[in-house]
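The structure appears below as structure tokens.
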Amino acid sequence: MKKIHLIRHAKSSWENERLADVNRPLNQRGIKNAQLMASHIVDAGCGFENVFSSPAHRAQSTIKLLSNSIPEIPLKWQTDERLYCFDSNSLHHWFTELDESITEVVIIGHNPALTDFCNELSNSDIKNIPTCAYVQLTANTELQWPQVSDVSFELTRFITPKELTVPRP
């Protein structure tokens, strides 16, 4: 079964409003959350194989922090300009071009593309995948990547930094 792992980039800084969007760095909360989320993403079943990231500075910083926080996993990733997108149609198209030898893929990307893509594939009603959150989608049937839009997926994991930092009653 095909499996998709979506990670929204960590919280970015708006301190320098003159920076182009693609160049925005992470803020302190984003750095802290990426370090916090790394082991939880691994525990959720993400082996960080076939990792693709948006070229945006905030996405690149997120994957570097995740990698540094799980040194036991020799994490490698590819930067793909097409993942600097904000609509789910672009993601659907990107998936149709994946090599069939890939059964699991990890995307570090942006909203609203990730939230919409997740909801469309899994028929979920997530209002917003927050920064540095992790989503795991598992296909309900065998498929080829060009069929990604035609097959239903199950939302099997959804982890947010907030749920890891909020004390439980």
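Start at 1 with the first residue, then count along the sequence. None of these values were measured; they are calculated from a predicted model.
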Would you say [Y] and [X] are linked by a side-chain donor-acceptor pair, where the criterion is simply a distance under 3.5 Å?
X	Y	value
His9	Thr131	no
Glu120	Ser88	yes
Thr156	Gln136	yes
Asp125	Asn119	no
His5	Tyr134	yes
Ser53	Gln78	no

Nearest 0.5 Å, what's the [atom1]-[atom2] distance between [X] and [Y]?
X	Y	atom1	atom2	answer
Ser54	Arg8	OG	CZ	12.0 Å
Thr103	Asn50	OG1	CG	7.0 Å
Leu91	Asn89	CG	CG	9.0 Å
Arg18	Asn16	CZ	CG	7.0 Å
Ile73	Ser39	CD1	OG	10.0 Å

- What class does the angle between the rings of Trp94 and Phe52 fall in, given that below 30° is parallel, 30 to 60° is tilted and above 60° is perpendicular? perpendicular
Under 3.5 Å, side chain of [X] to main-chain N/O of [Y], donor-acceptor pair present?
X	Y	answer
Ser122	Cys118	yes
Glu100	Trp145	yes
Thr115	Pro112	no
Ser124	Ile126	no
Arg58	Arg24	no

- Item | Derivation of the side chain to side chain contact (heavy atoms under 4.5 Å, CB included) call for Trp14 and Leu19 | CA-CA 8 Å; Trp14 287 89; Leu19 275 179; over 6 Å; no
- Query: So Phe117 and His92, ring pair (Phe, Tyr, Trp, His ring centres under 6.0 Å) or not? Walk me through it.
  - Reply: CA-CA 7 Å; Phe117 183 75; His92 284 282; 4.8 Å; yes
Over all atoms of both residues, closest heavy-atom pair of [X] and [Y]:
X	Y	value
Leu36	Pro161	CD2-O, 4.0 Å
Glu81	Pro55	OE1-CG, 3.5 Å
His110	Leu83	CD2-O, 3.5 Å
Leu26	Ser61	CD1-CB, 3.6 Å
Ala10	Ala34	CB-CB, 4.4 Å

Please tell me if the side chains of [X] and [Y] come closer than 4.5 Å, counting only heavy atoms from C-beta onward.
X	Y	answer
Ile7	Phe48	yes
Thr160	Cys132	no
Thr62	Asn33	no
Ile159	Ile41	no
Gln60	Thr79	yes

- Query: Is any side-chain N of the basic residue among Lys2 and Glu142 closer than 4.0 Å to the acidic one's carboxylate O?
  - Reply: no
- Run the salt-bridge test on Asp43 and Arg157 with the 4.0 Å N-O cut-off and return the result as yes or no. no
Are [X] and [Y] connected, step by step, through hydrophobic side chains (Ile, Leu, Val, Met, Phe, Trp, Tyr) whose heavy atoms are closer than 4.5 Å?
X	Y	result
Val106	Leu66	yes
Phe86	Val22	yes
Leu155	Leu6	yes
Met37	Val51	yes
Leu121	Phe158	yes

- Message: Would Asn111 and Leu114 count as a side chain to side chain contact (heavy atoms under 4.5 Å, CB included) here? Give the steps.
- Response: CA-CA 5 Å; Asn111 258 356; Leu114 294 182; 3.7 Å; yes
- May I have the step-by-step check of side chain to side chain contact (heavy atoms under 4.5 Å, CB included) for Phe153 and Asn123, ending in yes or no? CA-CA 8 Å; Phe153 281 71; Asn123 202 25; over 6 Å; no
Hey, is [atom1] on [X] packed in by over 12 heavy atoms from elsewhere, all under 6.0 Å?
X	atom1	result
Asp87	CG	yes
Lys32	NZ	no
Glu49	CD	no
Glu15	CD	no

- Can Glu154 and Leu137 be said to form a side chain to side chain contact (heavy atoms under 4.5 Å, CB included), step by step? CA-CA 5 Å; Glu154 181 181 346; Leu137 300 167; over 6 Å; no
